[in-house]
Amino acid sequence: MRGKFITVEGIDGAGKSTHLAWLTAFLQARGIKLCATREPGGTPLGEKLRGLLLDKDQPMHLETETLLMFAARREHIDKVIEPALARGEWVLCDRFTDATFAYQGAGRGVDAGKLATLEQWVQGALQPDLTIVFDLPPAVGRARAGSIKVPDRFERESEAFFERVREGYLQRARSAPQRVRVVDASRGIDAIQAELQTIAESLCR
Ligand code: TMP
């Protein structure tokens, strides 16, 4: 049986990594064979493109950025996502096309119609079975992220940029309510994990 495709999204600082680690452990404990991967990245070529895309010293046109995201995705779908799903594994992917609509579309202003064309070209009928968006105000995310490391090309964007990205995610959620679940990530970890558990259990049924 084909596996399930789950993607996880949110603005930088939403606590995605912590929640992903929890979700991975939860699903594995249920005996699910999991392929945990990420975008941009997930393949040797994709990881090279990630390096360019995140490099704070590598400026690029907003459409170049968009095309590189989709180029990495094409490779990822071909080499990792589709084969894993076909083997019956579940794919848990840290970001996917909703991130392009949120960051390049809402954040940078790339036309949504162009993104939809690229989405159709690169993915065909492939869509996640479930997308979890960890939602919180950018100011809270920024405060939580603190100054742990040198910010990459996206992390150094303004709060106004992340407000637009956040709204982009919420817009995607409104347009696909059967696929996208918005989780309030401004709450404490226990409340978030309890909601995640409910979501994950309904998936395992
Ligand atoms: P990460 O640090 O959460 O792994 O994500 C890397 C960065 O790439 C993050 O700031 C969001 C950005 N990104 C886009 O702008 N568009 C995309 O399509 C994807 C997948 C990520």
Side-chain angles (χ1 to χ4, degrees), residues 5-24 36-43 45-77 79-81 91-112 114-123 126-128 131-136 138 141-142 144-172 180 183 185:
F5 183 25
I6 304 160
T7 62
V8 173
E9 301 278 358
I11 59 167
D12 293 82
K16 198 165 45 67
S17 311
T18 310
H19 303 316
L20 257 172
W22 186 89
L23 198 57
T24 302
T37 185
R38 69 172 179 181
E39 290 208 353
T43 64
L45 175 56
E47 291 294 328
K48 282 188 183 163
L49 293 173
R50 179 188 178 90
L52 292 171
L53 282 159
L54 267 54
D55 183 353
K56 66 177 176 48
D57 300 318
Q58 178 58 75
M60 63 184 77
H61 190 279
L62 74 173
E63 290 185 349
T64 307
E65 180 180 287
T66 303
L67 291 165
L68 289 178
M69 291 291 179
F70 273 109
R73 184 162 300 136
R74 185 69 196 90
E75 198 66 13
H76 197 204
I77 291 170
K79 303 282 190 307
V80 176
I81 298 176
V91 174
L92 183 58
C93 191
D94 184 347
R95 298 192 189 280
F96 194 61
T97 305
D98 294 304
T100 317
F101 278 89
Y103 280 78
Q104 282 65 52
R108 301 246 197 260
V110 176
D111 174 55
K114 286 184 182 167
L115 297 181
T117 301
L118 288 166
E119 178 185 34
Q120 172 61 33
W121 183 30
V122 166
Q123 288 166 233
L126 178 71
Q127 281 293 339
T131 297
I132 303 172
V133 173
F134 291 103
D135 177 59
L136 88 178
R142 187 147 286 198
R144 280 193 189 166
S147 51
I148 357 169
K149 60 172 185 116
V150 181
D152 64 35
R153 215 164 55 77
F154 292 98
E155 291 163 337
R156 57 188 55 230
E157 286 292 343
S158 66
E159 204 163 301
F161 173 83
F162 285 108
E163 292 286 0
R164 293 195 297 278
V165 172
R166 180 190 190 192
E167 187 43 48
Y169 274 128
L170 296 177
Q171 172 59 39
R172 288 287 280 175
V180 184
V183 171

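Every number for a ligand or one of its atoms is a count from 1 in the order of the listing.
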Side-chain heavy-atom pair Phe96, Ile77 within 4.5 angstrom cut-off: yes

Val8, Thr100, Leu68: member with heavy atom nearest to atom 18 (O) of ligand 1: Thr100

Closest protein heavy atom (residue, atom, distance) for atom 15 (O) of ligand 1: Gln104 NE2, 2.9 Å

Ion pair Arg142/Glu159, N-O distance below 4.0 Å: no

Ligand-residue contact atoms, ligand 1 with Phe154, heavy atoms, under 4.0 Å: 7 (C), 8 (O), 10 (O), 12 (C), 15 (O)

Non-hydrogen side-chain atoms of Val150 and Glu155 separated by less than 4.5 Å: no

Sub-4.0 Å heavy-atom contact, Arg38 with ligand 1: no

Value rounded to 0.5 Å, distance of CD in Gln104 from OG1 in Thr66: 4.5 Å

Atom indices of ligand 1 within 4.0 angstrom of Lys16 heavy atoms, with elements: 3 (O)

Proximal candidate to atom 20 (C) of ligand 1 [heavy atom criterion; set Glu9, Arg156, Glu39]: Glu39

Spacing of His76 atom NE2 and Met69 atom CE [to the nearest 0.5 Å]: 13.5 Å

Numbering as shown, the atoms of ligand 1 that approach Pro40 to under 4.0 Å (heavy-atom distance): 8 (O), 19 (C), 20 (C), 21 (C)

Atoms in ligand 1 flagged as close to Asp12, the criterion being non-hydrogen separation under 4.0 Å: 9 (C), 10 (O)

Sub-4.5 Å side-chain heavy-atom contact between Arg38 and Glu47: yes

Shortest heavy-atom approach to atom 3 (O) of ligand 1 - which of His76, Arg95, Arg73, Glu65: Arg95

Option with minimal heavy-atom separation from atom 17 (C) of ligand 1, where the choices are Glu157, Met69, Arg153: Met69

Arg172 to Tyr169 six-membered ring, cation-pi geometry met (6.0 Å, 45°): no

Between Glu65 and Gln58: side-chain donor-acceptor atoms closer than 3.5 Å: no

Atom 4 (O) of ligand 1: the protein heavy-atom neighbour that sits closest, reported with distance to 0.1 Å: Arg50 NH2, 3.0 Å

